[in-house]
Amino acid sequence: MQTPFGSTLWLASLPTLAMVGWTTYCRFFWPKLHPPTWNAPSYTFVCWLYCSSYDVIWSNTAYVIALFGIVATIFAVRRRKGAGYVLLGFGLLALPLGLPAVYEGYRRTTQIVT
């Protein structure tokens, strides 16, 4: 079954939605340990920085990266020029959750157009 957005739906938009949801949960609902610990569960390096310090700057940074993921998804769905590079950027900023976006961005940047 072919989806209207193809692999972009699975490799870019779902990690972006997960990042928004988990960042919101982590910031507002996660029971914060005092003092913060280095081994808190994390889905991105930025999230790990937030969970290890509870410094709001890192949670805000995670939201900015998720916003960048939304922009990258829109670029990819609309097949804008440079969408592969935007996906690569989002994927690298959102590592390790961004690995699927890195794959899709790499695939798009190395694709030979005929």
Side-chain angles (χ1 to χ4, degrees):
M1 182 174 107
Q2 182 72 17
T3 64
F5 304 120
S7 59
T8 303
L9 176 69
W10 303 109
L11 301 175
S13 65
L14 289 181
T16 300
L17 290 174
M19 190 170 184
V20 169
W22 290 334
T23 298
T24 301
Y25 174 77
C26 191
R27 180 157 177 186
F28 297 108
F29 303 108
W30 179 262
K32 293 169 181 53
L33 302 172
H34 291 284
T37 62
W38 64 270
N39 63 349
S42 311
Y43 53 89
T44 66
F45 294 128
V46 175
C47 175
W48 179 82
L49 289 168
Y50 174 71
C51 290
S52 343
S53 68
Y54 301 132
D55 189 348
V56 176
I57 187 97
W58 297 117
S59 178
N60 291 342
T61 304
Y63 279 121
V64 169
I65 293 170
L67 179 63
F68 185 51
I70 293 168
V71 170
T73 302
I74 291 169
F75 268 52
V77 166
R78 293 186 177 176
R79 302 197 185 287
R80 300 277 186 189
K81 184 173 179 159
Y85 294 106
V86 177
L87 284 169
L88 274 171
F90 164 66
L92 292 172
L93 289 172
L95 282 175
L97 178 68
L99 277 175
V102 168
Y103 169 77
E104 178 67 5
Y106 176 77
R107 191 181 68 74
R108 286 177 182 238
T109 57
T110 59
Q111 208 170 42
I112 299 172
V113 179
T114 57

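Values below: all heavy atoms of this structure, side chains included; hydrogens, waters and symmetry mates excluded. Just so it is clear, the model here is predicted, and its values are computed rather than measured.
Judged by distance alone, the side chain of Arg107 and the main-chain N or O of Val102 form no donor-acceptor pair under 3.5 Å.
Under a hydrophobic-cluster definition in which Ile, Leu, Val, Met, Phe, Trp and Tyr are linked whenever side-chain heavy atoms come within less than 4.5 Å, directly or via other members, Leu67 and Val86 are assigned to different clusters. Each of Val71 and Val64 belongs to its own hydrophobic cluster when Ile, Leu, Val, Met, Phe, Trp and Tyr are linked at side-chain heavy-atom distances under 4.5 angstrom. Clustering ILVMFWY residues whenever any of their side-chain heavy atoms sit less than 4.5 angstrom apart, transitively, puts Met19 in the very cluster that holds Ile57.
Looking only at side-chain heavy atoms (C-beta outward), Thr23 and Cys47 stay at 4.5 Å or farther from each other. In this structure, the side chains of Asp55 and Leu49 stay at 4.5 Å or more apart for every pair of heavy atoms. At a threshold of 4.5 Å between non-hydrogen side-chain atoms, the residues Phe28 and Thr24 count as touching. Under the 4.5 Å side-chain criterion, counting only non-hydrogen atoms from C-beta, Arg27 is in contact with Tyr63. At least one side-chain heavy atom of Tyr85 sits less than 4.5 Å from a side-chain heavy atom of Thr109. With a 4.5 Å cut-off on side-chain heavy atoms, Cys26 and Cys51 count as touching. Looking at heavy atoms from C-beta onward, Tyr43 lies out of side-chain contact with Pro96 at the 4.5 angstrom threshold.
Taken from CD1 in Ile70 to CZ in Phe75, the straight-line distance is 13.5 Å, to the nearest 0.5 Å. Taking CD from Glu104 and OG1 from Thr73, the interatomic distance works out to 10.0 Å, rounded to the nearest 0.5 Å.
A 6.0 Å sphere centred on OH of Tyr54 holds more than 12 heavy atoms belonging to other residues, nucleotides or ligands.
Of all heavy-atom pairs spanning Val20 and Ala66, the tightest one is CG2-CB, 3.5 Å. For Ala76 against Arg108, the heavy-atom pair with the smallest separation is O-NH1, 3.2 Å. Shown here for Pro15 and Leu97, the closest heavy-atom pair between the two residues is O-CD2, 3.4 Å. Closest approach of Gly105 to Leu87, counting heavy atoms only: CA-CB, 3.8 Å.
Each of Thr44, Asn60, Leu93 was compared with Ile65 under the side chain to side chain contact (heavy atoms under 4.5 Å, CB included) criterion, and only Leu93 meets it.
In this structure, Phe68 and Phe90 have perpendicular ring planes: the angle between them is above 60°, well past the 30° mark.
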